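Worksheet: one structure, shown below.
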Protein chains: 2
Amino acid sequence: MSETASQDQIPDVLNDKCPSRQVLNHVTSRWGVLALLVLQDGTQRFSMLRRRIGGVSERMLAQTLRVLEEDGFILRRAYPVVPPHVEYELTPLGRVVAEKVHALALCIEGNLDHILRAQKPRG
Amino acid sequence: MSETASQDQIPDVLNDKCPSRQVLNHVTSRWGVLALLVLQDGTQRFSMLRRRIGGVSERMLAQTLRVLEEDGFILRRAYPVVPPHVEYELTPLGRVVAEKVHALALCIEGNLDHILRAQKPRG
DNA sequence: TTTCATACTTACATTTTTGTGCGTACTTCT
DNA sequence: AGAAGTACGCACAAAAATGTAAGTATGAAA
């Protein structure tokens with residue numbers, strides 16, 4: 001039944017064949033991290049997200065939100081009104097990963113001066 | 001003394017001018033996350049890291065380790081012996097961020113089947 | 001009436017990332 | 001003797017990420 005099998009039974013991000021690797025890349029992507037962070041403050045519209053995430057382009061934000069939605073971290077609610085109205089919010093699962101990401105961000109922000117002080121010049 | 005100042009006093013990853021943003025990108029980079037994870041198991045040599053991180057090229061691993069070292073998360077110890085011998089390990093600060101990254105990875109691995117099951121098809 | 005805002009998409013251009021070999025200096029394994 | 005392992009740096013090329021500008025349908029504000 002399962003000769004030499006059991007390759008992808010236990011998720012392992014270190015294995016580049018494991019799908020968890022891609023999901024990890026999605027949440028740790030340049031804009032993915034930030035999108036999850038701002039969504040912790042609750043439901044928000046596209047333009048609001050864009051304003052709060054310094055430096056994102058519309059294209060990248062849209063794309064990022066889409067993959068995060070496909071992974072089930074974000075819920076997208078579109079109202080069929082004439083000037084578009086779309087709301088984004090975290091799913092329960094999205095909330096737990098957002099918390100982890102948040103912890104990481106806080107950790108870095110909190111140690112920033114320590115990091116900057118210890119930063120080595122060039123190679 | 002400090003008229004309209006106070007722009008970069010409080011680290012904020014949402015601000016693309018804030019240096020914390022770059023540091024965050026370093027640790028959440030494609031290979032940075034994984035390097036921190038495997039280094040949690042203790043001091044390791046370059047080739048060992050390469051073997052454990054599925055899919056990294058020598059070039060990328062070297063580059064990743066360098067930036068993480070510059071940020072003060074990794075300590076590099078090179079022995080001037082004839083066949084090169086270099087060891088990498090986490091600094092105290094590196095250990096705390098590695099823990100956060102680890103928590104995130106575990107969270108994703110643990111919910112992987114839930115994620116895969118809920119994944120939306122195409123757009 | 002001209003402009004702005006909304007939430008994107010698409011085409012095109014540029015930038016960044018990543019990969020692929022090659023070279024090194026010397027030892028050990030075959 | 002020839003091959004492999006070590007820890008990379010370097011040059012070149014291909015691939016992926018990201019940015020820019022323009023377009024959409026319509027209501028509201030100037």
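Below, read A as the first sequence line, B as the second, and so on, with proteins coming before strands; counting in each chain starts at 1. All values reported here derive from a predicted model rather than from experimental measurement.
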Give one of base, sugar-phosphate or nothing for [X], where a contact means two heavy atoms less than 4.0 Å apart.
X: Y79(B); value: nothing
X: R51(A); value: sugar-phosphate
X: R50(B); value: nothing

Quickly work out the [X] [atom1] to [N] [atom2] distance and round it to whole Å.
X: R76(B); N: dC8(D); atom1: CZ; atom2: C1'; value: 8 Å
X: F46(A); N: dT24(D); atom1: CZ; atom2: C1'; value: 15 Å
X: D16(A); N: dG19(C); atom1: CG; atom2: C1'; value: 14 Å
X: I53(A); N: dG19(D); atom1: CD1; atom2: P; value: 12 Å

**Prompt:** 5'-most contact on DNA chain D: E58(A) or V82(B), nearest heavy atom basis?
**Reply:**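 Result: V82(B).
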Report the nucleotide, chosen from [options], that has the shortest atom-to-atom distance to any side-chain atom of [X].
X: M60(A); options: dG19(C), dT27(C), dG19(D); answer: dG19(D)
X: R66(A); options: dC8(D), dT9(C), dC8(C); answer: dT9(C)
X: P84(A); options: dG27(D), dA7(D), dA7(C); answer: dA7(C)
X: R59(A); options: dT6(C), dT10(C), dC8(C); answer: dT10(C)
X: S57(A); options: dT6(D), dT20(C), dG19(D); answer: dG19(D)

**Prompt:** Which of residues 29-41 of chain A have a heavy atom under 4.0 Å from DNA chain D?
**Reply:**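 Heavy-atom contacts with DNA chain D come from R30(A), W31(A).
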**Asked** Does a sphere of radius 6.0 Å around CD in Q22(A) hold more than 12 heavy atoms from other residues, nucleotides or ligands, not counting ones at 6.0 Å or beyond?
**Response** no
**Message:** Quick one about R51(A) and S47(A) (side-chain donor to acceptor, distance below 3.5 Å, no hydrogens or angles considered), yes or no?
**Reply:**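 Their side chains do contain a donor-acceptor pair, which is all the 3.5 Å distance test asks for.
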**Request:** Please check if any side-chain donor atom of Q40(B) sits under 3.5 Å from a side-chain acceptor atom of R95(B), or the reverse.
**Result:** no
**Asked** Heavy-atom distance under 4.5 Å between the side chains of I53(A) and W31(A), does that happen here?
**Response** yes
